Amino acid sequence: MKEPLNSANVLKEDLYKQLARIGKCLSSDKRLEILNVLAQSPKTVEKLAAFTGMNMANVSRHLQILLDAKLVKFTKRGTYAIYSLADPEIIDFMASLWRISEKQLPDIAKLKEDFLNNLDGIQTLTMDEVMEKVNNDSIVLVDLRSKEDFEMGHISGAISMPMTELDTLMQELPKDAEVIAYCQGPLCVYSALAVQKLQQEGYKAYRMDEGINEWQGHFLSH
């Protein structure tokens with residue numbers, strides 16, 4: 001019979017090994033991107049390839065690793081496999097990972113600052129500032145994600161204006177509109193590019209760094 005202390009040490013080591021399975025799985029920037037994309041809505045391999053710029057073979061390889069770590073799951077729809085996050089708590093985990101990374105890694109702030117500095121006059125509003133404007137009915141809130149992601153969930157009152165259709169759809173906005181654009185969240189830069197285009201067309205436009213998941217999380221925490 002094993003000594004209790006030895007058994008406890010073995011258990012501790014086994015538990016850390018299980019935690020390391022998740023850590024090893026998240027060591028790839030591409031797998032993190034896939035998780036972030038799936039946080040918006042379930043997708044096929046083909047859709048994930050289009051969103052991430054990877055070929056389907058690489059997407060499938062990364063998905064297998066995520067499946068082995070129980071971070072994603074899939075369902076069959078005809079001949080297609082539809083992938084989704086295995087648990088909604090993974091969204092919270094990804095948000096925590098982002099906050100810790102942003103706080104501890106100065107390179108993140110510098111990368112974003114350098115990008116935004118190359119776009120003249122782009123103003124970012126905080127969620128509190130956006131909420132105040134939404135409550136005052138003084139703005140048009142624009143969701144730049146795909147229509148598929150928009151239909152799965154969006155900020156109340158927002159209109160769907162996918163980035164790929166922005167040049168056409170923005171013409172439907174009233175010229176005196178005050179526009180706030182958002183996309184997938186802090187890791188998406190489309191909102192800055194959209195604001196630049198809107199400003200060039202004469203709109204008063206702002207960007208919000210956060211997306212639908214951060215917006216919902218903000219309400220739950222208050």
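Remember, predicted model here, so these are calculated numbers, not experimental data.
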Any donor-acceptor pair under 3.5 Å linking the side chain of [X] with the backbone of [Y]?
X      : Y      : result
Gln216 : Asn213 : no
Glu165 : Pro162 : no
Asn118 : Asp114 : yes
Tyr83  : Ile34  : no
Asn36  : Leu32  : no
Glu148 : Ser41  : no

Self-check item: In one Ile/Leu/Val/Met/Phe/Trp/Tyr side-chain cluster, 4.5 Å: Leu187, Ile212
Solution: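 No, no single cluster joins them.
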Exercise. Answer with yes or no whether the hydrophobic clustering places Leu169 together with Leu193; edges join I, L, V, M, F, W, Y residues whose side-chain heavy atoms lie under 4.5 Å apart.
Key: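 Same cluster.
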Quiz item: Should Lys30 and Glu33 count as an ion pair when the cut-off is N to O under 4.0 Å?
Solution: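 The answer is yes: the pair qualifies as a salt bridge.
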Quiz prompt | Heavy atoms of other groups near Gln200 CD, more than 12 under 6.0 Å | solution =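 Count over threshold, so yes.
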Quiz item: In this structure, are over 12 heavy atoms from other groups packed under 6.0 Å from Lys70 atom NZ?
Solution: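 Counting other residues, nucleotides and ligands, NZ of Lys70 stays at 12 neighbours or fewer.
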Quiz item: Can you list the steps and then say if Thr75 with Lys73 is a side-chain hydrogen bond (donor to acceptor under 3.5 Å, both in side chains)?
Solution: CA-CA 7 Å; Thr75 56; Lys73 60 184 180 180; over 6 Å; no
Quiz prompt | Name of the residue among Asp120, Val179, Ile122 meeting side chain to side chain contact (heavy atoms under 4.5 Å, CB included) with Gln199 | solution =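 For Gln199, the side chain to side chain contact (heavy atoms under 4.5 Å, CB included) test succeeds with only one of Asp120, Val179, Ile122, which is Ile122.
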Quiz prompt | side chain to side chain contact (heavy atoms under 4.5 Å, CB included) partner of Tyr182, chosen from Val130, Ile155, Leu144 | solution =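 It is Ile155, the one option of Val130, Ile155, Leu144 that forms the side chain to side chain contact (heavy atoms under 4.5 Å, CB included) with Tyr182.
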Quiz prompt | Side chains of Arg31 and Cys25 in contact at under 4.5 Å (non-hydrogen atoms) | solution =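 Touching, per the 4.5 Å side-chain cut-off.
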